[in-house]
Amino acid sequence: MDIPVLVPSAGAGGASSHRCQCFQCSWQFCEICRSPWHPGSSCFDDESRVVRMARRRPPLTEELAEAAAKVVEEARSREEQKARELEEMLRRGGQRANFEAFRRIFASAHTEHVTRSLLSVFGNGVTLRPAPVAPTVQRQFMQAMVEKPEAEVRPAFHGTDVRNYASIFERGLLVPGDASDIKVVHGQAHGQGIYTANVDAAWLSKGFCTAPSMLVCAVLQSESHVRHVGDAMVVARSDHVVPLFEGFGGSFAAPTPQARPTLPGQRPTPAGGGAKPSGGATAPGPARVPGKPGKTEAPSKDRKAKFVARLASRSQRH
């Protein structure tokens, strides 16, 4: 259900109007592009935000939709070109059966994008290290590539407890459920499979990491075995995904001050750049409970339930 719930913010200049929070999980995101809340920058400062903006529901205004559509088309064209270049390198070198050669070619094609995405969640100092996957895991992935020569290979992230790395490198990423001894830990909202995040959505995998480290994977695109759900890829077969690198950071990135999102060509409004209340007045704060200084008045359960129901009704109209 796509129901943004606005929450108040201490930011000035109206910037707080772009910050939303899920009423179920408290995840904070931008009301315009549906990306993780990005204080201090515009929705148009990051291509992945624009892509999400174009597919959001309810739909965008006509002005934003036209601007987003152009960026999305350019992004799709570059993605297809990169996939063709990767396939051409593999074909020219006859390397569809050589795992280490494939890893080097994959790195040359995607390291810049992978590193940029990891920097958004780990801050400065990201390091990529080849994942020591077992020969059997290497062979099963390369065999799947040979059997599906027309399939595109895309980069993805997989976040998990770092204590699981040794098992993953030895056995590969396995589909949880009855066919394996891997238990479902975080649910399977979009069906059974191995859950990975698109290369521009490292933040999605970050929520499953126990340390500033996640796996950089290659996913073999197959319509029958890979489902695309928002910013995630759900892989139904273990031989269609393989960890290639471990991505490390010094720490999880901290948020920065917020600015109002703007269209391309417009100057963003910096945090704190809005007009201040005149006459020395202070900005209004939360309601106070009479006779009890320092305590705020919490909304009743009935009011909250009616508010959520009203938002759900509006969402279903689109």
Side-chain angles (χ1 to χ4, degrees), residues 48 86 99-100 102-123 125-142 144-145 152-176 180-188 190 192-221 225-253:
S48 64
L86 178 59
F99 186 81
E100 288 303 329
F102 165 72
R103 176 152 47 190
R104 288 194 300 271
I105 293 172
F106 181 95
S108 67
H110 298 295
T111 293
E112 181 180 355
H113 200 172
V114 166
T115 302
R116 185 167 63 248
S117 191
L118 288 175
L119 284 171
S120 70
V121 295
F122 291 158
V126 168
T127 301
L128 295 179
R129 184 172 67 191
V133 293
T136 53
V137 177
Q138 298 179 16
R139 285 195 296 269
Q140 72 176 11
F141 182 80
M142 300 309 292
M145 286 185 60
E152 177 188 344
V153 178
R154 293 188 186 179
F157 296 109
H158 182 76
T160 186
D161 190 323
V162 292
R163 292 174 296 182
N164 296 331
Y165 280 11
S167 175
I168 291 173
F169 296 151
E170 181 63 29
R171 305 169 62 193
L173 286 162
L174 303 179
V175 178
S180 69
D181 58 356
I182 305 300
K183 296 181 179 179
V184 178
V185 178
H186 300 289
Q188 295 183 325
H190 302 290
Q192 193 174 45
I194 301 160
Y195 282 64
T196 64
N198 294 342
V199 69
D200 57 6
W203 52 269
L204 191 60
S205 290
K206 173 189 174 183
F208 303 97
C209 298
T210 57
S213 171
M214 68 176 67
L215 300 178
V216 180
C217 305
V219 177
L220 187 63
Q221 301 299 301
H225 300 303
V226 178
R227 294 190 305 281
H228 293 260
V229 186
D231 291 293
M233 288 184 277
V234 184
V235 188
R237 286 184 49 164
S238 60
D239 62 351
H240 278 47
V241 56
V242 66
L244 296 179
F245 298 94
E246 299 173 66
F248 298 94
S251 62
F252 290 115

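When the side-chain contact (heavy atoms from CB on, under 4.5 Å) test is applied to Ala218, the partners found at least two apart in sequence or on another chain are Phe102, Phe106, Phe141, Val153, Val242, Leu244.
Counting heavy atoms of neighbouring residues, nucleotides and ligands inside a 6.0 Å radius, atom CD of Glu112 does not exceed 12 of them.
Here the CE-CD distance, from Met142 to Gln138, works out to 9.0 Å after rounding to the nearest 0.5 Å. Between atom CZ of residue Arg154 and atom CG of residue Leu220 there is a gap of 11.5 Å, rounded to the nearest 0.5 Å. Atom CD1 of Ile194 is separated from atom CG of Leu173 by 5.5 Å, given to the nearest 0.5 angstrom.
A heavy-atom distance below 4.5 Å is not found between the side chains of Pro243 and Val216. Annotation: side chain of Arg129 is in contact with side chain of Phe248 (closest heavy-atom distance under 4.5 Å). With a 4.5 Å cut-off on side-chain heavy atoms, Glu246 and Phe169 count as touching. Residues Val175 and Gln192 have side chains in contact (heavy-atom distance under 4.5 Å, counting atoms from C-beta outward).
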Please test Gln140 against His240 for side chain to side chain donor-acceptor pair (under 3.5 Å), starting from the C-alpha separation and ending with a verdict. CA-CA 9 Å; Gln140 72 176 11; His240 278 47; over 6 Å; no

side-chain contact (heavy atoms from CB on, under 4.5 Å) between Val121 and Trp203: does it pass, once the steps are laid out? CA-CA 6 Å; Val121 295; Trp203 52 269; 4.0 Å; yes

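Side-chain atoms of Tyr165 and Thr160 include no donor-acceptor pair closer than 3.5 Å.
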